[in-house]
Undergrad: 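Can you keep this structure in mind? I'll have questions shortly.
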Amino acid sequence: MISFRYHLVSLVAVFLALAVGIVVGAVALAGPVRSGRAGQLSDLGRANAALRQDNQALRGQVSSSESVAAAVAPQVVAGRLANRRVVVVADAEATGAMKDAVRTMLLRAGAKVTGQLQLTASYSDPRRAAELRSYLTGDSLPAGFQLPVSEDPSVLGSAVLSYLLVGQHGSKPAATDVLQVLTGLASLRMVVLDSRDIAPADYVVLVCAGQPTGADTANRLQAITDLASAMDHGGKGTVVVGDRAAAGTGGVLGQLRADQSIAAAVSTVDDIDSAAGQIAMVYALVEQAAGRSGQYGTAGNAQAVLPTVTR
């Protein structure tokens with residue numbers, strides 16, 4: 001008869017055999033597992049190194065392309081904007097470097113830059129809307145100018161600035177009226193006058209950068225899009241330029257490109273921080289003079305890198 005002790009010894013032997021099998025199996029597999037992991041790490045290392053090399057190569061190509069564009073820019077834009085009067089307007093996010101690059105390229109193209117100013121964050125601040133509306137509906141506006149029927153300070157501001165900078169229906173205000181109203185806006189810290197004298201022009205370059213942030217983002221975007229549309233309607237053409245970030249859904253260029261009614265009239269360039277983008281700006285102004293518009297640059301919502309312009 002099989003005793004309880006026999007059963008106990010048998011169970012112990014079974015568990016001991018299992019334990020020995022597990023240990024032996026682990027030892028046997030340890031080498032291949034380590035080898036496989038080492039191989040995977042080695043493959044990942046090689047892939048990472050290849051990507052770094054590709055990235056460096058692409059950076060080199062971009063740098064070379066930018067150098068070439070910068071070198072040929074004076075020749076390819078020379079005379080393109082001869083005798084064209086252009087005013088430069090910047091939003092609150094635009095940098096000094098961007099404004100300087102725009103002005104330099106316009107002058108190289110033969111344009112007459114009639115002035116330069118920059119909107120401040122206060123211009124579209126809803127907390128100062130009543131103050132802006134009060135000034136715009138006061139007695140400081142040029143005689144004969146008719147404000148649109150609206151309580152929206154963005155609409156009123158766009159109408160006034162458009163009239164001051166490009167005129168309305170072919171008529172243009174006197175330089176003294178322009179200076180008086182803009183000086184008043186500057187005293188309210190709504191604008192900063194980068195030029196001592198600002199005179200009405202025929203074309204506008206509106207400079208923007210990045211994507212506005214904060215509680216009043218929608219107001220700031222609406223103010224710039226209203227202004228771009230008003231100036232294009234009042235003058236002979238408007239080109240809005242900015243960096244790639246501005247072409248995103250939360251940027252000025254992105255907003256303009258998404259609105260088909262505005263995109264059909266206003267041109268945009270999303271790489272103004274490059275020589276190629278500055279050349280595109282000049283060509284886009286030439287295109288505006290011919291009654292056409294387009295969206296240019298390197299962002300996904302651009303139509304092409306450069307406009308097609310012939311002599």
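Given the structure is predicted, the values throughout are model-derived calculations rather than measurements.
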Undergrad: Classify the side-chain pair Q118/K99 by whether it contains a donor and acceptor separated by less than 3.5 Å.
TA: yes

Undergrad: Do R244 and D273 meet the salt-bridge criterion of a basic N to acidic O distance under 4.0 Å?
TA: no

Undergrad: Could you tell me whether the side chain of Q278 reaches within less than 4.5 Å of the side chain of V282, counting heavy atoms only?
TA: no

Undergrad: To the nearest 0.5 angstrom, please state how far the OG1 atom of T137 sits from the CD atom of E151.
TA: 8.0 Å

Undergrad: Side chains of V181 and Y135: closer than 4.5 Å at any heavy-atom pair?
TA: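 In short, these two side chains touch, coming nearer than 4.5 Å.
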
Undergrad: Working to the nearest 0.5 angstrom, can you tell me the gap between E131 CD and M190 CE?
TA: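 Rounded to the nearest 0.5 Å, the CD-CE separation comes to 5.0 Å.
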
Undergrad: Under 4.5 Å between any side-chain heavy atoms of V113 and V87, yes or no?
TA: no

Undergrad: Please round to the nearest 0.5 Å and tell me the distance separating atom CG of D177 and atom CZ of F145.
TA: 11.5 Å

Undergrad: Is it the case that Q255 and T225 place a side-chain donor and acceptor less than 3.5 Å from each other?
TA: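 Side-chain D/A pair, Q255 to T225: absent.
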
Undergrad: S195 vs Q116, test: side-chain hydrogen bond (donor to acceptor under 3.5 Å, both in side chains). Steps then yes/no.
TA: CA-CA 5 Å; S195 304; Q116 182 173 301; 5.6 Å; no

Undergrad: Between the side chains of Y296 and E287, is a donor N or O closer than 3.5 angstrom to an acceptor N or O?
TA: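 There is such a pair between these side chains.
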
Undergrad: Should the pair D125-R189 be classified as a salt bridge under the 4.0 Å nitrogen-to-oxygen rule?
TA: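 Judged by the 4.0 Å cut-off on N to carboxylate O distance, D125 and R189 do not form a salt bridge.
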
Undergrad: Supply the atom-to-atom distance Y283 OH to L81 CG, rounded to the nearest 0.5 angstrom.
TA: 10.5 Å

Undergrad: Look up atom CG in L179 and atom OG1 in T183, then write down how far apart they are to the nearest 0.5 Å.
TA: 4.0 Å

Undergrad: State whether a side-chain donor-acceptor pair under 3.5 Å links S154 with D226.
TA: yes

